[in-house]
Amino acid sequence: MHLKKIPRKDFESINREDFWYDHFEKSEELFYWRKKYDIHEWFHINTSIYEECSDEITKEKLGELIIWLTQKGLTEYAEKIKEIVNKIDFVNNVVFYDYCN
């Protein structure tokens with residue numbers, strides 16, 4: 001399970017029907033975790049999933065995830081997401097969730 005980013009200009013230039021089938025050559029992995037099915041479920045409940053990827057995850061949505069992770073006692077994950085939120089330029093990049101193999 002991955003949290004990734006892709007330049008907004010690339011995200012917006014790809015046809016929505018084909019976007020999730022591309023290999024995301026310009027995407028960058030921000031965070032990877034395994035077997036945290038409760039986090040995976042959070043993304044399914046709180047984002048739109050098409051194929052194996054989410055729609056754009058905003059800074060505000062990641063803030064909601066941080067709160068949820070903290071409430072669940074997953075503080076190491078919450079801290080990592082906080083670092084990501086503080087580093088990402090959300091104007092020029094799109095963050096998305098990907099659980100492709």
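Values reported hereafter were calculated over all heavy atoms of this structure, with side chains retained and with hydrogens, waters and symmetry mates removed.
- Contacts classified as side-chain hydrogen bond (donor to acceptor under 3.5 Å, both in side chains) and involving residues 64-76 (residues at least two apart or in different chains) are given here: Lys61-Glu64.
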Side chain to side chain contact (heavy atoms under 4.5 Å, CB included) between Ile39 and Leu69, intermediate numbers included: CA-CA 8 Å; Ile39 298 173; Leu69 289 167; 3.9 Å; yes

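- Annotation: ring-ring contact (aromatic ring centres under 6.0 Å, His included) contacts of Tyr32 (sequence neighbours excluded): His2.
- Side-chain contact between Leu62 and Ile88: absent, with no pair of heavy atoms (C-beta onward) separated by less than 4.5 Å.
- Taking CD of Glu56 as the start and CD1 of Ile6 as the end, the distance is 11.5 Å to the nearest 0.5 Å.
- Nearest heavy atoms, Tyr97 versus His40: OH-ND1, 2.5 Å.
- Between Leu3 and Ile81 the shortest heavy-atom distance is CD2-CD1, 3.7 Å.
- Annotation: side chain of Lys4 is not in contact with side chain of Val95 (no heavy-atom distance under 4.5 Å).
- Screening residues 84-93 for side-chain hydrogen bond (donor to acceptor under 3.5 Å, both in side chains) gives Asp89-Asn92 as the qualifying pairs, with residues at least two apart or on separate chains.
- Residues that satisfy the side-chain hydrogen bond (donor to acceptor under 3.5 Å, both in side chains) test with Glu79, not counting sequence neighbours, are Lys82.
- Remark: Phe31 pairs with Trp33, Tyr77 by the ring-ring contact (aromatic ring centres under 6.0 Å, His included) rule, at least two apart or across chains.
- Between Asn46 atom CG and Ile57 atom CD1 the span is 9.5 Å, to the nearest 0.5 Å.
- For residues 29-47, there are no salt bridge (charged side-chain N to carboxylate O under 4.0 Å, His left out) pairs, not counting sequence neighbours.
- Here the closest non-hydrogen pair linking Lys80 and Leu30 is CE-O, 3.7 Å.
- When all heavy atoms of Thr58 and Phe90 are compared, the pair lying nearest together is C-CE2, 4.1 Å.
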